[in-house]
Amino acid sequence: MKLPHVEYEAPRAVSEAVALLAEHQDEASVLAGGQSLIPLLALRLAQPALLIDINGIAELSGVSATDGWVAIGAMTREYLAEESGTIADAVPLLAAALPLIGHEAIRSRGTVGGSLAHADPAAELPAVARALDAEFVVRGPSGERVVPASEWFEGYLTTSRQPDELLTEVRFPAAGPGTGVSFQEVARRHGDFAMVGLATSVTLSEGAISDARLALAGVSDVPVRVAAAEDLLVGERSSAELFDEAARRAADGIDPPSDLHGSSDYRKKVAAALVRRGLREAVDNAQERQ
Ligand SMILES: Cc1cc2nc3c(=O)[nH]c(=O)nc-3n(C[C@H](O)[C@H](O)[C@H](O)COP(=O)(O)OP(=O)(O)OC[C@H]3O[C@@H](n4cnc5c(N)ncnc54)[C@H](O)[C@@H]3O)c2cc1C
């Protein structure tokens, strides 16, 4: 389908993009990689009066590491993040999730900020951000604010970003020693959105689990932290029985939607299986990194 008529601006600086957002508010949409927005426009599911194309804003791209955090510019392409040695070393959970997004052609245009601003609950990066307590940096007419991941995802394709704010950067904490990770998902075909996905990060200290983070994708209108399983795991030594109980708690704590691809009950079973798999892989990975 053809795109609807829409006005177009291509600012070269964040300040210009923010001024345009302040002027046009809800009437404007930010265009990043376009991999979600363009199909929405073609299907008339989004009908902004103005597209603010941020592809020409160089300051929005790049990966840098400082003080135990890795900062990723919102316009950083998914494939560039996938190839970043800094991300592979410091945020291995993100590195594990990135190759699972769609196909190479999607990742060559799609951006880290675009995925997180779009906030599809079945997407990989929102689950990673939620698991790791990432921080979202947004810039609006009155300056910058930092939003924790726990407050970023508000509902289906909805974040706490205000209409006059631009997402400029996302910061992920660097993994500490003894931390192992896993990203697991079940999708109908390679490259499809996950029916259920799970981001797992586990830290081992002196043989016991000192930190456990699990976030599910595809089971709600937002990515979901599995606090009941995390609480169970911390302080314990890994075992099949422990992981079975964590899986039970994870499944008991969710009420996934049913759709054409699978029932709610099926998604619960998949979530439980992924928790077992994710924990096994993350613990093995942590033992290798100790
Ligand atoms: C065939 C296909 C398969 C896909 N499979 C997957 C998959 O398996 N997993 C997955 O996670 N994704 C998948 N995607 C989506 C892909 O990851 C997109 O790249 C991503 O969701 C959106 O990123 P984008 O840069 O293309 O954003 P755009 O499409 O340009 O924008 C998406 C939304 O975010 C807003 N936005 C973008 N950047 C900013 C910003 N800096 N500040 C404020 N608002 C902003 C836009 O206004 C828009 O509302 C798939 C896409 C396609 C077409």
Side-chain angles (χ1 to χ4, degrees), residues 3 6 8-11 13-14 17-18 20-22 24-43 45-57 59-61 72-82 94 96-130 136-140 144-145 147 152-153 156-170 183 185-197 199 217-218 223 261:
L3 293 187
V6 59
Y8 176 85
E9 295 276 359
V14 167
V18 170
L20 285 164
L21 281 171
H24 297 276
Q25 303 271 330
D26 276 335
E27 295 292 302
S29 283
V30 173
L31 175 65
Q35 298 302 296
S36 297
L37 182 56
I38 296 295
L40 290 176
L41 291 177
L43 294 167
L45 294 171
Q47 291 194 295
L50 172 69
L51 283 183
I52 303 175
D53 181 347
I54 58 171
N55 282 265
I57 306 182
E59 64 190 290
L60 286 176
S61 293
I72 305 176
M75 267 307 297
T76 307
R77 306 282 174 198
E78 290 159 347
Y79 89 94
L80 283 176
E82 193 181 338
L94 184 57
L98 281 159
L100 301 175
I101 298 174
H103 303 276
E104 268 179 52
I106 309 291
R107 300 196 296 275
S108 73
R109 290 295 305 166
T111 64
V112 171
S115 174
L116 290 161
H118 188 56
D120 190 315
E124 287 82 4
L125 301 193
V128 172
R130 198 64 186 84
F136 292 78
V137 183
V138 291
R139 189 119 32 109
E144 197 170 89
R145 68 186 180 103
V147 184
W152 179 255
F153 302 102
Y156 183 71
L157 305 187
T158 307
T159 70
S160 55
R161 181 184 75 86
Q162 297 302 303
D164 60 1
E165 288 177 327
L166 184 73
L167 175 63
T168 56
E169 183 177 280
V170 187
F183 198 100
E185 68 180 35
V186 169
R188 282 167 61 86
R189 293 172 307 187
H190 168 71
D192 279 3
F193 274 96
M195 278 202 278
V196 182
H261 304 302

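Note that ligands are numbered from 1 as they come in the structure, with each ligand's atoms numbered from 1 the same way. Remember, predicted model here, so these are calculated numbers, not experimental data.
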Undergrad: Taking the side chain as every heavy atom from C-beta outward, state whether E59 and V14 have any atom pair closer than 4.5 Å.
TA: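 Yes - at least one pair of side-chain heavy atoms lies under 4.5 Å apart.
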Undergrad: Tell me, do L157 and H118 make a side-chain contact under 4.5 Å, heavy atoms counted?
TA: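 A side-chain contact under 4.5 Å exists here.
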Undergrad: Determine yes or no for a side-chain-to-main-chain donor-acceptor pair under 3.5 angstrom, with Q162 supplying the side chain and S160 the backbone.
TA: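 Looks like yes, one N/O pair under 3.5 Å.
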Undergrad: Taking only heavy atoms of the protein into account, state which residues are under 4.0 angstrom from an atom of ligand 1, in chain and number order.
TA: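 Answer by chain and number: V30, L31, A32, G33, G34, Q35, S36, L37, I54, A74, E78, L100, I101, G102, I106, G110, T111, G114, S115, A117, H118, A123, E124, R161, L166, L167, G191, D192, F193.
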Undergrad: With sequence neighbours left out, what residues match E165 under side-chain hydrogen bond (donor to acceptor under 3.5 Å, both in side chains)?
TA: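 Testing E165 for side-chain hydrogen bond (donor to acceptor under 3.5 Å, both in side chains), a comparison that skips the adjacent residues, returns R145.
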Undergrad: Taking salt bridge (charged side-chain N to carboxylate O under 4.0 Å, His left out) as the definition, give me every residue that meets it alongside D53, ordered by chain and number, with sequence neighbours left out.
TA: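 Not a single residue meets the salt bridge (charged side-chain N to carboxylate O under 4.0 Å, His left out) criterion with D53.
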Undergrad: Under the salt bridge (charged side-chain N to carboxylate O under 4.0 Å, His left out) test, which residues partner R139, sequence neighbours left out?
TA: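 With neighbours one apart ignored, the set is E144.
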